[in-house]
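Structure first, commentary second.
Just so it is clear, the structure is predicted and the values come from calculations on it, not from any experiment. In listed order, ligands and their atoms are each counted from 1.
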Amino acid sequence: MTAATPEPLPVGILGGTFDPVHFGHLRLAECAREQLGLEHVLWVPAGQPPHRAAPRAEAAHRLEMVRLAIAENPGFALDDSEILAQESSYTITTLERLRALHGAARPLVLLLGVDAFLGLPGWHRWRALFDFAHVAVANRPGYPLESAELPQALAAQLVERERRAPRCLQSAPAGAICTFEITPLGISASAIRMQIGTGASPRYLLPESVLDYIQAHRLYSLATDGP
Ligand code: ATP
């Protein structure tokens with residue numbers, strides 16, 4: 001009798017502008033990896049995100065900052081395809097590509113903060129995302145998803161698809177919505193950009209290696225960048 005082939009472990013996908021990457025992103029990815037039983041988390045910096053204003057730092061800088069931030073963690077990997085595409089990057093396109101790469105059986109898990117999840121109905125072909133991946137929403141303790149004002153179309157998807165993690169993620173390759181707990185960290189890239197622009201210190205909000213890179217390349221300072 002031959003031994004059964006082990007089920008492939010889920011792969012997490014964390015997209016964002018990472019302008020710049022900070023400890024909020026890193027903690028989100030680490031909590032997801034641990035609680036959701038992910039094989040690894042794939043970081044996918046956006047090139048030109050279609051849902052929002054152009055990032056302040058160039059794509060190559062944002063990519064390099066993520067590379068520095070995740071370098072020490074063997075459970076994290078970098079995907080530069082959206083950056084290299086040099087055109088508007090849609091999450092659905094990335095998921096189609098990753099599904100083709102990983103095969104039909106591997107569970108893929110799109111990781112989102114609650115704010116990103118609430119904006120999902122504005123994304124290109126958003127309902128099709130569930131054909132390619134599960135969606136895991138980072139639930140800050142004290143701010144449960146249940147109390148958030150959900151758009152009606154999203155609430156309907158939640159009723160249909162919400163499952164308990166991590167089991168649901170391993171029993172199918174895509175289609176479920178689950179939540180997971182993260183350490184609440186009130187850090188945002190926009191606040192960090194503003195601090196740097198006004199000469200305030202963003203130290204301890206992001207890795208030292210990323211801060212060194214920002215300083216070496218004079219990113220986000222008022223003298224070199226627009227508002
Ligand atoms: P900005 O302030 O420019 O809007 P951001 O800090 O929200 O940027 P993004 O690159 O837009 O960073 O976020 C990527 C993902 O990380 C999103 O799903 C977002 O919800 C999540 N995220 C960002 N900051 C945090 C945080 N402090 N805690 C939990 N999740 C976060």
Side-chain angles (χ1 to χ4, degrees), residues 12-36 38 41-59 61-70 76 78-80 82-83 88-92 94-95 108-123 126 129 133-145 148-151 154 177-198 200 202 204-207 210-211 214 219-220 225-227:
I13 300 155
L14 179 59
T17 44
F18 306 122
D19 188 22
V21 60
H22 54 69
F23 284 133
H25 301 129
L26 286 156
R27 204 49 218 161
L28 168 73
E30 184 67 357
C31 292
R33 194 186 62 71
E34 199 169 39
Q35 291 174 42
L36 304 179
L38 306 177
V41 173
L42 197 56
W43 291 64
V44 190
Q48 170 50 59
H51 309 108
R52 51 190 289 168
R56 285 274 300 273
E58 281 173 25
H61 286 312
R62 292 183 291 108
L63 182 69
E64 197 50 36
M65 288 189 280
V66 173
R67 195 190 307 280
L68 289 167
I70 70 175
F76 292 166
L78 186 58
D79 182 318
D80 59 7
E82 289 196 9
I83 294 264
S88 268
S89 38
Y90 291 108
T91 301
I92 187 70
T94 296
L95 292 184
L108 298 177
V109 188
L110 184 64
L111 307 173
L112 298 175
V114 172
D115 56 319
F117 181 66
L118 293 178
L120 209 59
W123 292 20
W126 73 279
L129 297 172
H134 300 295
V135 169
V137 187
N139 208 359
R140 291 174 58 166
Y143 299 87
L145 183 60
E149 290 271 320
L150 289 185
L154 193 57
I177 299 175
C178 67
T179 59
F180 63 103
E181 301 285 313
I182 59 169
T183 317
L185 292 173
I187 304 174
S188 72
S190 41
I192 291 174
R193 293 196 299 273
M194 200 180 306
Q195 280 170 308
I196 296 172
T198 57
Y204 308 123
L205 298 176
L206 69 178
V210 175
L211 187 53
I214 288 172
L219 304 181
Y220 310 119
D225 215 346

Of the backbone atoms (N, CA, C, O) and the side-chain heavy atoms from C-beta on, which set of [X] has a member under 4.0 Å from an atom of ligand 1: side chain, backbone, both, or neither?
X: D115; value: side chain
X: R27; value: neither
X: I182; value: side chain

What I want to know is whether [X] and ligand 1 share at least one N or O pair that is separated by under 3.5 angstrom.
X: G16; result: no
X: G15; result: no
X: V114; result: no
X: F18; result: yes

Taking only heavy atoms of [X], which atoms of ligand 1 are found under 4.0 Å from at least one of them?
X: I187; result: 24 (N), 26 (C), 27 (N)
X: G24; result: 26 (C), 27 (N)
X: G113; result: 18 (O), 20 (O)
X: R193; result: 3 (O)

Do [X] and [Y] have side chains that approach each other closer than 4.5 Å (heavy atoms only, starting at C-beta)?
X: I192; Y: Y220; result: no
X: T91; Y: I13; result: no
X: L36; Y: L111; result: yes
X: F117; Y: V135; result: yes

D19 heavy atom under 4.0 Å from ligand 1: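 Checking ligand 1 against D19, which is what was asked, there is no heavy-atom contact under 4.0 Å.
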Answer yes or no: is there a donor N or O on one side and an acceptor on the other, between the side chain of [X] and the main chain of [Y], under 3.5 Å?
X: D19; Y: A57; result: yes
X: R27; Y: I182; result: no
X: R62; Y: R56; result: no
X: E82; Y: T94; result: no

Whether W43 and F18 hold their rings parallel, tilted or perpendicular, with breakpoints at 30° and 60°: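 Tilted, since the angle between the ring planes falls between 30° and 60°.
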Selected option - heavy-atom contact closest to atom 17 (C) of ligand 1, from G119, A29, A191, A116: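 Looking at heavy atoms only, the winner is A116.
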